[in-house]
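Have a look at the structure below, then the notes.
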Amino acid sequence: MALIVQKYGGTSVGSPDRIKNVANRVAKYQAEGHQVVVVVSAMSGETNRLIALTKEVAATPDPREMDVVISTGEQVTIGLLCMALQAAGVKARSYTGGQVKILTDSAFTKARILNIDEAPIKADLNSGHVVVVAGFQGVDELGNITTLGRGGSDTTGVALAAALKADECQIYTDVDGVYTTDPRIVPEARKLDRITFEEMLEMASLGSKVLQIRSVEFAGKYRVKLRVLSSFQDGGEGTLITVEEETNMEQPVISGIAFNRDEAKLTVLGVPDKPGIAYQILGPIADANIDVDMIIQNVGHDGCTDFSFTVGRGDLEKAAKILEGVKAHIGARSIVADKSMAKVSIVGVGMRSHPGVASRMFRTLAEEGINIQMISTSEIKISVAIDEKYLELAVRVLHKAFELETA
Ligand code: ASP
Ligand code: MG
């Protein structure tokens with residue numbers, strides 16, 4: 001007998017029929033002798049609908065009241081799922097985040113989980129119930145309703161699995177696992193049987209939006225065995241996200257290729273090459289809460305240098321305005337903005353023990369005439385910034401060069 005936490009996303013509970021399907025799947029697990037805790041999202045589109053409603057009433061809704069509104073979607077699905085389970089002959093009980101006491105801080109709309117009272121859930125499981133918990137929501141010390149940020153039901157699932165010391169946390173979604181890259185770009189992309197937490201973090205933060213990043217961090221920290229599976233398919237093994245020691249010895253060099261289309265580049269031309277320049281340029285950018293990703297400073301000539309960095313495309317205008325404002329002060333000649341950048345990254349823990357990965361990547365891109373504008377690396381990732389129009393080509397040739405379709 002195992003204790004399993006299953007989390008079902010919005011599309012998996014997107015209609016009454018789909019909710020009945022989920023109930024049948026849960027019933028099957030319980031009939032096999034497992035204890036099951038289910039976490040559900042709101043029906044697909046519901047959270048967006050609720051957010052749109054708040055915007056119609058107030059331009060900048062009060063965050064506390066925002067959470068009161070947007071947490072309601074999950075309350076509907078927990079009730080409906082319990083009814084469907086009961087109709088299937090399964091004893092089931094639903095709980096909101098406040099009822100099971102998913103205690104969070106008071107950072108409305110992006111709260112963090114501090115503690116979960118697992119005793120009542122354990123008691124229900126021991127009396128043969130399936131426990132259904134609303135994802136995405138919690139309660140702060142004062143009893144205020146909080147939410148965990150978009151996609152936060154994943155984190156609810158993982159946090160419950162950690163608190164209950166579950167054998168596995170299964171995330172049911174509309175894809176059957178984590179792929180080597182986006183199959184819409186590379187049809188030969190392959191489902192991975194396993195991936196490490198570290199790799200998954202790099203993949204998730206770069207655009208393969210299978211799991212909320214925080215849930216992966218959480219799972220890594222508490223060593224929760226995490227599995228991504230399709231709720232529309234029976235019998236698949238999905239992708240297991242796990243610690244490195246547990247992956248097979250013959251780790252492929254590269255596990256996947258992630259990309260992000262929404263990058264933009266800013267270049268400050270002709271700034272004096274002296275101490276403090278990077279700080280003077282990036283300080284005001286950071287003060288405006290704009291995330292900077294890649295950075296390069298060119299070798300100086302005649303006491304001057306050029307300084308480039310990338311930001312999310314949505315932040316480009318704001319960042320450019322800030323730079324125009326400090327241009328005179330820092331003694332820069334001009335500011336150039338390029339909004340059509342993309343980032344492509346190869347990710348793999350195998351890179352640690354295999355030299356020559358970067359050169360293979362650069363050669364592959366060179367052979368296609370793709371100009372690399374910036375490079376950044378970590379121990380398990382190499383990223384390049386390129387012109388957005390070459391993004392799909394770059395992903396395809398790299399997928400092939402690292403033999404990801406056959407690995
Ligand atoms: N319903 C919330 C959202 O759409 C939480 C979730 O689905 O994980 O972001
Ligand atoms: Mg989701």
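Order of listing sets the numbers, starting from 1, for every ligand and every atom in it.
Close approach to Gly151 involves these atoms of ligand 1, each under 4.0 Å from a residue heavy atom: 3 (C), 5 (C), 6 (C), 8 (O), 9 (O).
Residues passing the salt bridge (charged side-chain N to carboxylate O under 4.0 Å, His left out) test with Arg396: none are found, sequence neighbours excluded. Qualifying side chain to side chain donor-acceptor pair (under 3.5 Å) partners for Asp315, counting only residues two or more places apart in sequence or in other chains: none.
Neither the backbone nor the side chain of Glu46 has a heavy atom within less than 4.0 Å of ligand 1.
Where the criterion is an N or O separation shorter than 3.5 Å, residue side chain and backbone included, Arg150 meets it with respect to ligand 1. The distance criterion of under 3.5 Å between nitrogen or oxygen atoms is met by Ser153 with respect to ligand 1.
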*Go through the steps to decide whether Val357 and Phe402 satisfy the test side-chain contact (heavy atoms from CB on, under 4.5 Å), and finish with yes or no.*
CA-CA 9 Å; Val357 175; Phe402 287 97; 3.9 Å; yes
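Between the Ser231 side chain and the Tyr172 main chain, no donor and acceptor come within less than 3.5 Å of each other. A distance-only check finds a donor-acceptor pair linking the side chain of Gln137 to the backbone of Ser71 [under 3.5 Å].
Within the 4.0 Å heavy-atom cutoff, Gly152 counts among the residues contacting ligand 1. Taking a 4.0 Å cut-off on heavy atoms, Gly73 fails to register as neighbouring ligand 1.
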